[in-house]
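Note on naming: letters A, B, ... go to the chains in the order of the sequence lines (proteins, then strands), and numbering restarts at 1 for each one. Both backbone and side-chain heavy atoms feed into the values below; hydrogens, waters and symmetry mates do not.
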Amino acid sequence: MSPYRISPIHHWHNQRGAQFILWSGWEQVHSYADPGKEANAACSGVGLCDLTPLTKIDIQGQQCDALLSRSLSPGSTPPLGFHAHTHTSGDQKIRVRAVHLARDRYLALGSPEVRESLYEHLLRAASQLECVRVTDITSGLALLRILGPKSVDLLNKLCPVGLTCKDFANERCMQAPIARVNAILLRNDILGTLSFDALISRDYGEYVWKSFVEAGHPFQISWFGLAACRLGGEEEMQRVEVV
Amino acid sequence: MISGHRMPPDVHRQVDYTKKLWIYFNGKPVPAFAGETVAIALFASGRRIFSRSFKYHRPRGLLCCSGACPNCLMNIDGIPNSRACRVPVREGLHVSPQHAWPSLDHDWLNVIEMFDRLMPVGFYYKTLYKPKWLWKIAEPVIRQLAGLGKIDTDNRDQGQYEHTYESTDVAVIGGGPAGMAAALRAAGEGVSVTLIESDSRLGGHLRCRSGIYDLEDFPQLPGYDIALQMESAALNQRNIRVWCDATGAGAYEGGLLPILRGKTLIHLRTKSMIVATGCHECPPLFRNNDLPGVMLGRAALRMINQFGIRPGRRAVILTTNDHGYAVAEECLRAGIKIAEVVDARSTAPQCKEARILQAQSVPIAPGSFIREAIGKKAVKGVRLGPLDHQARHQAGTERVVECDLVLASTGWQPATALLYQAGCNLKFDARLGQEVPETFAPGVFAAGEIWGLRELQDILLSGRVAAVNAIAFLNGHPQPGNGEVDRLLSKARTIAPAFSPPAPTKPKRTFICFCEDVVEKDLRDGVIEGFDEIETLKRYSTISMGPCQGKMCGRNASEICSLASGLDVRSVGLTTSRPPIIPVPLGALAGLELHPVKLTSLHYRHAALTNVMMDMGVWKRPLVYTSVAEEYEAVRKRVGLIDISTLGKIIVQGHEAPKLLDKVYTPYLSTLKPGCIRYGMLCDESGIILDDGTVARLAADHFYITTTTGNVDFVEQWLKWWTAGTGWCVHILNVTAAYAAVNLAGPRAREVLSTLTEIDVSANGFPYMGSRTGSVAGVPSLLLRIGFVGETGWEIHFPAEFGEYLWDRIMDAGRAFGIQPFGVETQRLLRLEKKHVIVGQDTDSLSNPFDADIAWAVKLDKADFIGRHSLARLRSQPSRDRLVGFRMKREVAPADGSAITIDGKLVGRVTSVRFSPHVGQFIGLAWLPAKYAQEGKEFQVYVEGKTYPAEVVQQAFYDPEGARVK
C-alpha cells in the first residue's frame with residue numbers, strides 16, 4: 001500500500017459522501033454530488049473548498065527578497081500582499097504565488113504537483129545566499145477557500161478585522177484571527193467572484209472548517225470539490241494552482 | 001374587527017389591519033394585528049398594568065413606549081425582562097408578567113409599600129446587621145423578593161447569538177430626522193455610511209407627527225410624510241447601509257461601536273461617528289406620578305400616529321414647553337378629549353398648536369402644575385393648583401380634574417451616553433434646560449435634538465452640518481468648528497427658554513427612579529446624610545442603576561440633588577454613563593460557541609478505539625484505550641504505541657543557531673554532534689524552570705527542538721525574543737502542526753520498527769539519544785531514540801498528512817508482537833516510575849533545577865546562558881524545598897496536590913501520584929523541605945481528611961540504572 005496523504009478535514013468530507021481523487025498523493029475531494037451545482041451554489045452565495053494539498057513553502061531571512069528575485073520571474077519583489085510569479089521547471093512554466101508576510105518573510109504557494117521541484121529550486125537558490133532559509137510547511141497549514149459574493153459577510157462573522165472589499169483589495173493578504181485562531185488571509189478573486197484563501201494551522205483545520213459551516217448557515221453555505229473549482233474556468237484555475 | 005382603543009386604519013401607520021393574529025397573555029388569547037408591538041396589543045385589549053415596581057410592587061403602566069423605561073418589562077416567549085413596547089407581535093407569542101404574585105392586577109406583595117417607613121434609602125446599610133443572626137434570616141427573604149424576572153432554565157432554545165465585524169467610513173447613530181439628514185448628506189460625498197436606528201423604521205419622532213411642516217425641501221407636508229420621504233431616500237442610497245432594530249451599546253476607543261441587532265452583536269469600526277440619538281422626555285414630578293395612565297407626551301404621539309391607538313379618553317396635558325401643546329393638538333385630532341392643558345409657565349404661548357386649542361375651547365391653565373395623580377391602579381383624575389411667581393406650589397388652592405390620562409412634556413434629557421463614552425465633554429445649558437456637547441473627540445460629531453434644537457428645519461440642518469464636518473475630518477482636515485450649529489443654538493435659546501418644573505410638595509410618592517423605586521424623599525434624605533455629590537448619591541440610593549440606566553431619571557435626579565444640596569445644577573451634573581448603555585444579553589456577549597480545538601492527525605484513529613478523551617489545553621488526547629493495567633503491561637513486556645503529536649516542535653536553523661541555543665538552554669548544545677540528542681531545559685533570568693524538552697541536531701546549522709505541549713508558543717517567542725536585535729542568522733519555525741509524532745516503546749519495539757524501515761535500529765547502529773532521518777513504511781521520518789517511559793523506544797516524527805497511514809502500518813507490523821496503543825494516563829504512570837518530571841505538573845513558578853532534582857542538566861561551567869547568574873547563586877545556597885519521590889506505606893490513593901505533614905505541621909504537597917504495578921504501591925513525586933529529603937524519611941499525606949504514612953524514595957522506582965532504555 002502506498003502512503004497516502006489526507007487533509008485535516010478528510011473525515012468531515014467523508015461523512016458527507018465526498019468522492020475523492022488522488023492529487024499528487026493527497027486524497028482530495030473531487031465532488032460531493034454534482035460539481036455544476038456545487039459551483040453555482042458557491043457563486044451565488046458562499047462556498048467552502050478544502051485546498052490543503054496546495055504547496056506552501058516558508059522563506060525566511062534577511063535575504064528573502066534576493067532569493068525571490070533570483071529564483072522566480074518577474075524578479076521584482078512584491079509589496080506586502082502577493083503577486084503571481086513564474087517558476088520554470090524544465091519545459092514547464094508554473095504559477096507561484098509569493099505572499100509577502102513581513103519584511104523578511106514570504107510564503108510561496110503552488111500546486112501540489114510542483115511541491116518537490118519548487119522546494120528544491122528554492123533550496124538551491126537559498127544555498128547560494130548567506131542568510132535565508134526555505135522550509136516546506138505544506139504539512140503544517142490547512143488551506144480553506146471561501147468563495148462567493150457572500151464570502152465577506154461570512155468572514156466578518158468570524159474575523160474581527162471588519163473586512164470590506166474596498167479596504168482589502170484583490171491580491172492583498174493579512175494576518176488576522178479567524179474563529180479565534182491565527183490565520184493568513186489572502187484575497188484571490190476568481191473570474192470576478194470574491195474569493196479568499198485562509199491558511200491556518202493544520203491541527204485547527206477541522207475546527208475552523210466547522211466554524212465556517214456553522215457561521216455560514218444564514219448564507220446557505222455550500223461546499224465544493226476540485227471538480228467545481230475546475231469548472232470555474234481552465235485558464236483562471238491555473239492561475240490559482242488548481243491544475 | 002377593529003374595536004376599543006384602536007383608531008380607523010390609516011396608511012401612515014405601521015399596523016396592517018388585514019393581518020389579524022393571536023398572542024397569549026398568561027395563557028389567554030389576545031387579538032393583535034401585524035405591525036403592532038406586544039404592549040400595543042395588550043393595551044388595545046384593555047390592559048393598563050404592565051408590570052409591578054421593583055421595591056414596592058406598585059402598578060406600572062406604559063410610560064415612554066420607546067424602550068427606555070422599565071414599565072413594560074415582561075417575560076416574552078420565555079425571555080425575561082423583554083420590553084413589551086419593543087417586541088413585535090407574532091402568531092402564538094406567549095407573554096407573562098413578572099415580579100408579581102399571585103397576579104399582575106392583584107399583587108399581594110404590594111403590601112410592602114405599607115412598610116416603606118422601615119425601608120428608607122440605604123436601609124440595608126443601616127439595618128439588619130445587628131444582631132448578627134438577623135442578617136442570616138433577612139438575607140434569603142430579601143434575595144427571594146429582590147431581582148427582576150426569572151431565567152427559564154428549561155427554555156434554552158432561544159436561538160444562537162452571533163458576532164459580526166463590520167467597518168464604515170461614517171456611522172450615524174439615530175435614524176431620526178437629524179440622523180437621516182446627516183446620512184444622506186455624507187453619502188452624497190461618496191463615503192460609506194451606516195445608519196443605525198433602534199426602532200423598526202427610520203424617522204424617529206417625526207413619524208409620530210401628523211402636523212404640517214412648511215420647509216424648503218418639504219413644503220406643506222405632515223411630519224410622517226417627511227419621515228417617509230427621507231427614509232425612502234436613505235434606503236435607496238447605495239452607499240448607505242441601514243440597520244433598524246439596532247442599538248449602539250457603547251462607544252469604545254479606536255472607533256469601535258458594538259451594535260446589538262436582534263441576536264447579532266455587530267462590532268462596527270468607524271472612522272467617523274455622528275451621534276443623533278435625540279432626547280428622552282423627563283417624567284413629570286408629582287405625587288403618584290407612576291400611576292398607569294401617566295405617560296410621556298411622545299409616548300402618546302407614538303401610540304396615536306404609529307399604531308393607531310388612543311392612549312385614553314379624557315386627558316390632562318402637563319407641560320413646561322410648547323411641545324405639550326403639539327401633543328394636545330394631536331390628541332384632539334385623534335378624538336381624545338382634552339380636559340385641561342396645565343402649563344407651568346406663567347403665560348400660555350402663542351404657538352400654532354396653542355391657537356388651535358384655544359379655538360376649540362380647550363381649557364388652558366397657565367402658571368399651574370399637577371400636585372397629585374388620583375387613583376389606585378390607574379389615573380382617575382389629577383389634583384392641580386397654581387404656582388407662585390417663583391414657580392412654587394401655592395398652598396390651599398387645589399382643584400381636581402377628572403381624567404384617565406395624564407400626558408407630560410416637562411423637559412428633555414439628551415441621549416448623550418455615546419458622545420460621553422466617545423470622549424466628548426458636555427455642559428449644562430440653562431437656557432436650553434439640558435446638557436449640550438462642549439468639546440468633541442476627533443471624528444465624533446453630534447446632530448439634532450442632542451444639541452437642544454427643537455425646530456425641524458434646525459434639526460435637519462444640524463445633521464447636514466455634522467455630515468460636512470465628518471467628511472472634512474475623513475479628508476484629513478483638522479477638527480472643524482461648529483459655527484453653524486452655534487448659530488442655531490443661539491436661535492433656539494431665544495425661541496424656547498427652558499422652564500424647570502417646580503419641586504413637588506409631597507416628595508414621598510413622587511418617583512424619580514422608576515427602575516429602583518427611588519422617590520424624591522429618598523434623594524433628599526441621601527443628601528441630608530452627606531451624599532450630596534451625584535455619583536455618591538447614585539451609589540447610595542441606586543438611582544440610575546436599573547434597566548433604564550438613567551435615561552428616565554438622570555435629569556430629575558440632578559435637579560433634586562441640586563435643590564436639596566443648594567448646589568447649582570451645572571455643578572451637580574449627570575451620573576457617569578458607562579457601556580453597555582442598553583441591557584445586552586450574556587448570550588450576545590458570548591456569540592457563537594467558538595472554542596478552538598486542536599486535533600492531531602491521528603484523532604479519528606483514537607476515536608475509533610476509545611471514547612475516553614481528555615482536554616490537554618486546546619488539544620484532544622486519548623486518556624486510555626482499554627485499561628491502564630493492560631496498556632502498562634504491553635509497554636513493559638511487549639510494545640506500546642502512543643500519539644505524541646501534541647509535543648511542541650520547533651526548527652532552529654542558521655549559522656548562529658548553536659549560539660542561540662547555548663544562550664537559552666542550560667546545557668551545552670553547540671557541542672552536540674549531528675545525529676545526537678540532548679535533554680534541554682529553559683530557565684528564566686532568575687533560574688526558574690520555564691520548559692524542557694529534547695534538542696536534536698540534524699545538521700551543523702539545523703536543530704529540531706521538542707517542547708512541552710502547552711509551552712510551544714511561549715518557547716517560540718522566547719527564542720525569537722533572545723534573537724531579536726542580535727543580527728544573528730537564525731531562523732525559528734514552529735512546526736508542531738506540520739509533524740505528527742508517535743512513540744513506539746517496549747522491549748519488542750526494535751523488532752516492530754525493523755520491519756518498517758531500512759534504518760539500522762540496532763543498539764549499536766542507533767544508540768540511545770541518537771537521531772536518524774529515513775523512511776518508515778515509505779513515509780519520510782525523523783526518528784529520535786528517547787526513553788520517556790523507561791523502555792527501549794523511538795519517537796517517530798513525520799509529515800502530519802501521513803498520520804493515519806503510518807499509524808495503521810505500525811499497528812499492522814506490531815500485531816505479531818502484541819502491540820497495544822496506550823493513552824496519556826498510562827504514559828503518566830510509566831514516566832512516574834522513572835521519576836521523570838513534567839514541567840508545569842511537578843514544577844511551579846518557583847521551581848529551579850536544583851530543587852527539582854535536575855541539576856545534572858545545568859552546566860554552570862558554560863560561559864553564559866539565561867539564568868546562569870541566578871543559578872550559580874542558588875547553587876551556593878542550601879535548597880529550601882526539594883522534589884522527591886515517595887511511596888505510600890498503605891494502599892490509599894492521595895490525589896495530585898494532597899497536603900503533606902510532618903509532626904502535624906503542613907510542610908509540602910504531592911504533585912503526582914499513581915499506583916505502580918512494578919512497586920505494588922502508590923508512588924509519586926512531592927515537594928518537601930530539603931532537610932526531610934532523605935531516603936526513607938517518613939511523612940504523612942492527607943487523604944480525605946485523614947493522614948497516611950509515606951516515605952521518601954531517592955532513586956527511580958523502575959530500572960534506576962537505565963539499562964532498559966539502551
Trainee: Examine whether an atom of B:D808 lies under 4.5 Å from a heavy atom of chain A, and if so say whether it belongs to the side chain, the backbone or both; otherwise answer neither.
Mentor: side chain
Trainee: Using every non-hydrogen atom in the two residues, find where B:S167 and A:G162 come nearest and quote the distance to one decimal.
Mentor: OG-O, 3.0 Å
Trainee: Hey, could you give me the CG/OG1 distance between A:L154 and B:T164, rounded to the nearest 0.5 Å?
Mentor: 11.5 Å
Trainee: Quick one: of B:H267, B:H603, B:H163, who has the most non-hydrogen atom pairs under 4.5 Å with chain A?
Mentor: B:H163
Trainee: Picking from B:P596, B:S192, B:C729, which has the most non-hydrogen pairs under 4.5 angstrom with chain A?
Mentor: B:P596
Trainee: Starting from the C-alpha separation in whole Å, work towards a yes-or-no answer on side chain to side chain donor-acceptor pair (under 3.5 Å) for A:H10 and B:E801.
Mentor: CA-CA 10 Å; A:H10 180 85; B:E801 66 265 26; over 6 Å; no
Trainee: Pick one of side chain, backbone, both or neither for A:E214, based on which atoms fall under 4.5 Å of a heavy atom in chain B.
Mentor: side chain
Trainee: With a 4.0 Å cut-off, would you call B:K620 and A:D203 a salt bridge?
Mentor: no
Trainee: Once you measure the plane-to-plane angle for B:Y805 and A:Y4, does it fall in the parallel (<30°), tilted (30-60°) or perpendicular (>60°) bin?
Mentor: perpendicular
Trainee: Of the non-hydrogen atoms in A:S139 and B:A738, which two are nearest, and what is the gap between them?
Mentor: CB-O, 3.2 Å
Trainee: Measure A:A215 against the heavy atoms of chain B and call it side chain, backbone, both or neither at under 4.5 Å.
Mentor: both
Trainee: With a 4.5 angstrom heavy-atom cut-off, is it the side chain or the backbone of A:D136 that approaches chain B, or both, or neither?
Mentor: neither
Trainee: Could you measure the distance from the OG atom of B:S645 to the CZ atom of A:R202? Nearest 0.5 Å is fine.
Mentor: 9.5 Å
Trainee: Answer yes if the side chains of A:H217 and B:E162 hold a donor-acceptor pair under 3.5 Å, and no otherwise.
Mentor: no
Trainee: Nearest 0.5 Å, what's the CZ-CD1 distance between A:R133 and B:I651?
Mentor: 11.0 Å
Trainee: Could you have a look at A:G140, A:P8, A:P218, A:S211 and say which one has the most heavy-atom pairs with chain B under 4.5 angstrom?
Mentor: A:G140
Trainee: Taking side chain as everything from C-beta outward and backbone as N, CA, C, O, which of these in B:A740 sits under 4.5 Å from a heavy atom of chain A? Side chain, backbone, both or neither.
Mentor: neither
Trainee: If I measure from the heavy atoms of chain B, does A:I6 come under 4.5 Å with its side chain, its backbone, both, or neither?
Mentor: both
Trainee: Crowded around A:Q175 CD? As in, over 12 foreign heavy atoms under 6.0 Å?
Mentor: yes
Trainee: If I take atom CG from residue B:D169 and atom NZ from residue A:K166, how far apart are they, to the nearest 0.5 angstrom?
Mentor: 4.0 Å
Trainee: Please flag which part of A:E206 lies under 4.5 Å from any non-hydrogen atom of chain B: side chain, backbone, both or neither.
Mentor: side chain
Trainee: Is chain B contacted by the side chain of A:V132, its backbone, both, or neither, given a heavy-atom distance below 4.5 Å?
Mentor: backbone
Trainee: Could you grab the distance from atom CG of B:L268 to atom CG of A:N156, nearest 0.5 Å is fine?
Mentor: 10.5 Å
Trainee: Taking every heavy-atom pair that is under 4.5 Å apart, which of A:S201, A:C159, A:A142 has the most such pairs with chain B?
Mentor: A:C159
Trainee: Do any N or O atoms from the side chain of A:R180 and from the backbone of B:L594 form a donor-acceptor pair under 3.5 angstrom?
Mentor: yes
Trainee: Measure distances from A:S2 to the heavy atoms of chain B and classify the residue's part below 4.5 Å as side chain, backbone, both or neither.
Mentor: backbone
Trainee: Given the options B:L733, B:T736, B:I266, which has more heavy-atom pairs under 4.5 Å with chain A than any of the others?
Mentor: B:L733
Trainee: Side chains of B:V618 and A:Y204: closer than 4.5 Å at any heavy-atom pair?
Mentor: yes
Trainee: Does this structure show an ion pair linking B:R269 with A:D167, if we count only N-O contacts that are shorter than 4.0 Å?
Mentor: no
Trainee: Any donor-acceptor pair under 3.5 Å linking the side chain of B:H731 with the backbone of A:V134?
Mentor: no
Trainee: Heavy-atom cut-off 4.5 Å, strictly under: side chain, backbone, both or neither for A:P160 against chain B?
Mentor: both
Trainee: Determine the minimum heavy-atom distance between A:Y207 and B:H595, stating which atoms define it.
Mentor: CE1-O, 3.5 Å
Trainee: CG of A:D153 to OH of B:Y165: how many Å apart, nearest 0.5 Å?
Mentor: 15.0 Å
Trainee: Going by heavy atoms in the side chains, are B:H655 and A:E130 under 4.5 Å from each other?
Mentor: yes
Trainee: Heavy-atom pairs under 4.5 Å with chain A: which of B:A800, B:G778, B:S601 has the most?
Mentor: B:A800
Trainee: Examine whether an atom of A:L158 lies under 4.5 Å from a heavy atom of chain B, and if so say whether it belongs to the side chain, the backbone or both; otherwise answer neither.
Mentor: both
